[in-house]
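Quick one: structure below, then a few questions.
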Amino acid sequence: MNIYADIRGLVIDALAALEGEGLLPAGLDLANVAVEPPRDPLHGDMATNAAMVLAKPAGMKPRDIAGALAEKLRSDPRIVEADVAGPGFLNLRLDPSVWADVVRAVLGQGGAYGRSEMGKGQRVNVEFVSANPTGPLHVGHTRGAVFGDALAALLDFSGHDVTREYYINDGGAQVDVLARSVYLRYLEAHGREVAFADGTYPGDYLIEVGQALKDKVGDAYVDQPEDVWLVAVREFATDAMMALIREDLAALGVEIDHYFSEKSLYGTGRIEAALAALDAKGLIYEGVLEPPKGKLPEDWEPREQTLFRSTEHGDDVDRPVKKSDGAWTYFAPDIAYHFDKIERGYDALIDVFGADHGGYVKRMKAAVSALSDGRVPLDIKLTQLVKLYKNGEPFKMSKRAGTFVTLRDVVDLVGPDVTRFVMLTRKNDAPLDFDFDKVLEQSKDNAVFYVQYAHARVKSVLRKAAAAGIAVDDATLAGADLSAMTHESEIALARKVAEWPRLLEIAARTHEPHRIAFYLYELAGDLHALWNRGNDSPELRFLQEGDPATSQSKIALARAVSVVISTGLGILGVTPVEEMR
RNA sequence: GGCCCCGUAGCUCAGCAGGAUAGAGCGGUCGCCUCCUAAGCGACAGGUCACAGGUUCGAAUCCUGUCGGGGUCGCCA
């Protein structure tokens, strides 16, 4: 049940009726007609901008349209008041039974409340993390992982058919570096003294990989030239790193549906095929790029390269797909990879990148636009930096990796639930401060705690009611008489619950899962407010001693809140708690 | 220099397809525990939505420009 959608439908029907009666011209575009919660609750329960939006196309005064619309709407039993206000707003006051209906619907639907079909028939591919397989995931990847996973869950809940995907960058020079680094650890395992030159990965996490390599091949590679072992060690090392990364993701509760190997694009004609597709559209040419505007790189010299005419699809300059030595640039396999995604038939693509990849957004979009002839939209979400703090001090080092704080460091310290929630308490494109002490603090300025506390409070009431012999299963609560739910704090809470489907639609449309976290914080706040009213006004307490019927009606509302919190946390990948300890 | 993101209360940040008197937390001041968990709740104070134009009945929101912060910029992915 989405009460906002229902009432909007009512408004649309009324407008259609007015058209039929000739009071409005026929054929008006109603797409921009909105029904929203008013900023000020004094204005009513809902407001519509219909009259203002339609005034110009209809050639009428807003207030005249609003007046006629109000007349029509008043005939619906759910609308008790419809007043024209301001420049032409139509403020609606709903019958209190509407909120009772919402609560009943929530109890009836349970975890399905808020699900929608907005994405019905749409296959969406969400690619995220896609970290190089050269070491454990670090904090930045953690944010991308949480964001991508929550976004995928959100789209899934909104009716999309979602694939979570990870692109393994196992085709470039960095995996050769990895192989050489592992080789050094391998020699070390054989008791050799080794030095880690610049350009190798010194992290401790490779020690066990070197040992494992020794266990596997013995001394076969010792004192052998690189061409003997490089390919084999590279594969061994990449596999080990991917196993590590999968473990990291599992620790965070992230499950990838599809891992896609960059390497699989080489030597198989797939890069060539993708570029041939572009070539067939006249978008590939040999040419010399203009030097960058402004300050020139010192070693700049004009070079003829194979270029993709990305400017035809919105990019600022054309982009090279081959290096001067004839090898592919990294962009070439990326084009092939996205070509593959398009050919797999997705209706929409989403890439989650770190903010440092912001410079690639336009060219990637240009490539997808060109390859799909503009049919497949690509949205690229950038996740900003995470700044870590501990004891108020910036916190940088990891014991394990030697250089950066890993995903494991974070999850081990605060747990996956706190990690995930906190990572979503900022917009993806805003920097995030993550304070190891603060996120574990039990206070109101810690949103995780505050939301969990609200959930636990409801659970506590349910336990106490059950102990008092009052039936509080959802079926019983759904049948409770909710006509006494009239206090402003109760209505405010029910109204918030009613907003859940609408909030989800907005979050799904904008690809912004953080909105869920903020909504849950507000919902929790409304519950805590009502809870505390019970201190002064015993009749507002959820549990009414010796009065099962009233208790059930009160608890029905509380239970509806816990259903929404539980569902919302579920989308964020956070487990709701039953009690605070 | 080009491109991208950001600029909202003392601090950290929300702001929903443009909508009415711009919100929350922290910090400040003042209240609330014989009472379902006070790990909480209520009230007050606090704003030139960086700045200047433009579009619109209406702009924090859209467009242009300026300033400030960050990121990025052809043989690294």
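What you see is a predicted model, and the numbers here were worked out from it, not measured in a lab. Naming: A, B, ... by sequence-line order, numbering from 1 per chain.
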For A:His528 and B:G40, do the ring centres fall under 5.5 Å apart while the planes stay under 30° apart? no

Whether the side chain of A:Asn91 and the base of B:A20 hold a donor-acceptor pair under 3.5 Å is what I'd like checked. yes

Taking the six-membered ring for Trp, does A:Phe89 stack with B:A20 (centroid gap under 5.5 Å, planes within less than 30°)? yes

For A:Asn535, which contact category applies under a 4.0 Å heavy-atom criterion: base, sugar-phosphate, or nothing? base

Suppose we call two aromatic rings close when their centres sit under 6.0 Å apart. Are A:Tyr337 and A:Tyr167 close by that rule? yes

Would you call A:Tyr285 and A:Phe308 a side-chain contact if the rule is heavy atoms closer than 4.5 Å? no

Answer syn or anti for B:C33, where the cut-off is 90° from 0 on the glycosidic torsion. syn

Could you check whether A:Ala430 gets within reach of a base, just the sugar-phosphate, or nothing at all, counting any heavy atom under 4.0 Å? sugar-phosphate

Parallel, tilted or perpendicular: which describes the rings of A:Phe436 and A:Phe434, with under 30° parallel and over 60° perpendicular? perpendicular

Less than 3.5 Å between a donor and an acceptor, one on the side chain of A:Arg533 and one on the base of B:C41, is that the case here? no

Spacing between A:Asn532 atom CG and B:C36 atom P, to the nearest angstrom: 11 Å

B:C35 pairs with, by Watson-Crick or G-U criteria that keep both distances under 3.5 Å: none

Most 5' of A:Lys56 and A:Asp316 on RNA chain B, judged by nearest nucleotide: A:Asp316

Without decimals, in angstroms, what is the distance between A:Asp445 CG and B:U12 P? 14 Å

Between C1' on B:C36 and CD on A:Glu539, what's the gap in Å once rounded to a whole number? 14 Å

With a 3.5 Å cut-off and no angle check, do the side chains of A:Thr238 and A:Asp170 form a donor-acceptor pair? no

Does A:Ala85 reach a base, just sugar-phosphate, or nothing at all? Heavy atoms under 4.0 Å. base

Across all strands, who's sitting opposite B:G28 as a Watson-Crick or G-U wobble pair, both distances under 3.5 Å? B:C44

Scan every strand shown for a Watson-Crick or G-U wobble partner of B:A52, both distances under 3.5 Å, and answer none if you come up empty. B:U64

B:G68 and B:G23, which share atom name C1', separated by this distance in whole Å: 25 Å

